[in-house]
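Predicted model, so just to flag it, every value in this text is computed and none were measured. Proteins get letters first, then strands, A, B, ... in listed order; numbering begins at 1 in each.
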There are 2 protein chains.
Amino acid sequence: MRDRPKIKDIAEKAGVSVATVSRALAASTLVTAETRQRVLDLARELDYRPNVSARNLRTRRSMTVLMVVRDVGNPFYLDILKGVEATAREAGYAVLMGNTENDPARETEYFNMLRDGHADGMILMTGKPPPAGGWNHLPVVVALEMIEGSGLPHVQIDNVAAARGAVEHLISLGHRRIAHISGPVPEPMSVYRREGFRLAMRDAGLTIPAGYEVRGDFLIESGMECCRSLFSRSDPPTALFVANDEMAYGAVHELRRIGRAVPGDVSVVGFDDLYLSKAFYPPLTTVGQPRSEIGRTAMAVLLGILSGGSEAAEPIVLPTVLRVRGSTAPPRT
Amino acid sequence: MRDRPKIKDIAEKAGVSVATVSRALAASTLVTAETRQRVLDLARELDYRPNVSARNLRTRRSMTVLMVVRDVGNPFYLDILKGVEATAREAGYAVLMGNTENDPARETEYFNMLRDGHADGMILMTGKPPPAGGWNHLPVVVALEMIEGSGLPHVQIDNVAAARGAVEHLISLGHRRIAHISGPVPEPMSVYRREGFRLAMRDAGLTIPAGYEVRGDFLIESGMECCRSLFSRSDPPTALFVANDEMAYGAVHELRRIGRAVPGDVSVVGFDDLYLSKAFYPPLTTVGQPRSEIGRTAMAVLLGILSGGSEAAEPIVLPTVLRVRGSTAPPRT
DNA sequence: TTGTAAGCGTTATCAC
DNA sequence: GTGATAACGCTTACAA
């Protein structure tokens, strides 16, 4: 940074004005090929790089987007980040990481970064709406989560239908006593997955015994605890629909600990298809989400907004797929 | 961004000069408490936020650091990122993500971002040195990897000793025929872990049969393939030291596929202690790295450099711990 | 086609 | 203590 060559230096050496240099560098047509080449050669020779702060100040853009998640430590976001990063890079944008840890102060702080010019746009995956007041028409795309009534563009999956399909799989195997380990309801994503569970059960004419819906927090340990409570009952389930893979790992772990075979005694279905679920034992039956595509699509939508396009009013819903593996089987008869 | 209030607006409303406003906002002592309060109230009222581009241009700092990894999709980096992010945030820095995919062009591109003012410093985890020429004394901290002869500050673990300890564990259980699935040698990290394997074997007076060292690439599939080649031999090993957990998952998966029990027939030790290894079946014996602390420490070192401190000449070596779990046992007699 | 000059919104250096 | 004012390095009317 210190003593980097600037446009002025190139201008002096080339015997032209700074304006011409700027135009040449921008590949403007308003400059002869000859002078343009001279400037380019000089720039290369001096190893010139434009100062981004100066450029940003002048152009009022940062060519940076902000990706805000609840927890950077969650492996679920990896492929999404990867998709966002790839698409952003292609378009010349850098990606800033935002981590809220569900802290409201941090959430608004990241929105502020949009206004102070830190970033031009945001991909929001916290499920929390922008703070009220003057926050309209922000270049924000909501991914994964749903922020109802926000009017923001969304890129998501159909959680209800996906969950329903997963439970229907269990039912079609012959299970009747199916329990659900949910996410942290009343967050929309958790509510929708639970809703899918309920719909599938209802349509099959099955009742959900009291206490068969247990609330978790999406972490491994929580899967273990919820599982423990379900299997301390006198009427334990023969199958579990778990709201995400991590809790499913925990549930399987706990089942093994208390001596129940998976899928022999209990079938388990997860949600997310983390990259490890296929190497898990038993390989986990789970709902696959197109994470990488969610990231790429969200970034593409954001790019559209940033280049002045109109925002799509309808949420973009990407398809999921049920991956049937070794953790589900017919119930023991 | 558009039509945000600026210092000038506050100055006019407060009836003072922009200089005074700037000073008041900076909590300078060169301003009366009274005017300071007036400015602060006004700033809050107008919902003022300083323009970062203008500030960066003037101060010649971006208050941003760049964290560059080989593959953002690798879960191994999660806790490190989390540590970096937390420490950076406390110090008022934002974190930009860089992803090289081992592409040399990208690697230099991220170094360029340091020079063009995109970021003030970098935490480098690619193992690739800065491009030659004029790159001296860059505010770069190398984490995890080793870039020998670079003169850059390092935050790392002792891979040789950690690997050695893992293999000694297998030896102490009574194993004699121990094979090694390595990372992509000749990369330093992979070489060091293999070196630890060799030293432990040598010290125990054990020979390593030809072909007992198989080269992987740190991914699950590679663990499966390497394992397959080892167990197609007439003298298969009774224990495996695998250079990372992901390949260990793959190896265990493959062992199960060919009907070998873990740890009954074959013991397996991994490296990294990914957050899933304890929920894996069998729970994986592995070398635990203080990932979060590596991230925090690397960022702290970088902050020291950025605030003008002298760089530590000696690498900072953080301790590892062997986590003995269920994937290792004495060999079948 | 090129040059001149006016900003972009701050912070820092002077005076007063 | 406070106020003019000059940078910071770039882009872009407007002139020539």
Taken to the nearest whole Å, CG/A:Asn56 to P/C:dT10 is 14 Å
- Using a cut-off of less than 4.0 Å, is there contact between a side-chain N or O of B:Tyr48 and OP1 or OP2 of C:dT10? yes
Report yes if at least one side-chain N or O of A:Ser17 is closer than 4.0 Å to OP1 or OP2 of C:dT4; otherwise report no. no
note: B:Leu57, atom CG; D:dT11, atom P; distance rounded to Å ~ 12 Å
Only residue of A:Ile80, A:Leu144, A:Val141, A:Leu302 satisfying side chain to side chain contact (heavy atoms under 4.5 Å, CB included) with A:Val155 is A:Val141
Check your understanding: Is there a side-chain polar atom (N or O) of B:Thr32 under 4.0 Å from OP1 or OP2 of D:dT2?
Key -> yes
Judged by nearest nucleotide, the residue sitting upstream toward the 5' end of DNA chain D, B:Arg36 or B:Thr59, is B:Arg36
In whole angstroms, the gap separating C1' of C:dG9 from CZ of A:Arg61 amounts to 19 Å
note: A:Arg38, atom CZ; C:dT1, atom P; distance rounded to Å ~ 15 Å
Per nearest nucleotide of DNA chain D, the residue lying toward the 5' end, B:Thr35 or A:Arg55, is B:Thr35
Rounded to whole Å, the CD1-P distance (B:Ile7 to C:dA12) equals 11 Å
>> What I want to find out is whether A:Glu45 reaches A:Arg38 closely enough, with some N-O distance under 4.0 Å, to be called a salt bridge.
In response: no
Presence of salt bridge, A:Glu109 and B:Arg89, under 4.0 angstrom: no
C:dT11 phosphate, OP1 or OP2, under 4.0 Å from B:Arg60 side-chain N/O: no
Here the distance between atom P of D:dA16 and atom CG of A:Leu30, to the nearest Å, is 18 Å
From the list A:Glu293, A:Arg291, A:Gln156, A:Gln289, side chain to side chain contact (heavy atoms under 4.5 Å, CB included) partner of A:Leu318 resolves to A:Glu293
DNA chain C nearest-nucleotide lookup for B:Arg23 and B:Pro50: closer to the 5′ end is B:Pro50
>> One thing to verify: whether B:Asp116 and A:Arg4 come together as a salt bridge, which I'm taking to mean a side-chain N less than 4.0 angstrom from a carboxylate O.
In response: no
Taken to the nearest whole Å, NZ/A:Lys8 to C1'/C:dT4 is 14 Å
Worksheet entry | Contact under 4.0 Å: A:Thr20 side-chain N or O vs C:dG3 OP1/OP2 | yes
Counting any heavy atom closer than 4.0 Å, what does B:Val16 reach on the DNA or RNA strands: base, sugar-phosphate only, or nothing?
sugar-phosphate
Rounded to whole Å, CD1 of A:Ile10 lies from C1' of D:dC10 at a distance of 12 Å
B:Arg58 has its side chain closest, among C:dT10, C:dG3, D:dT5, to C:dT10
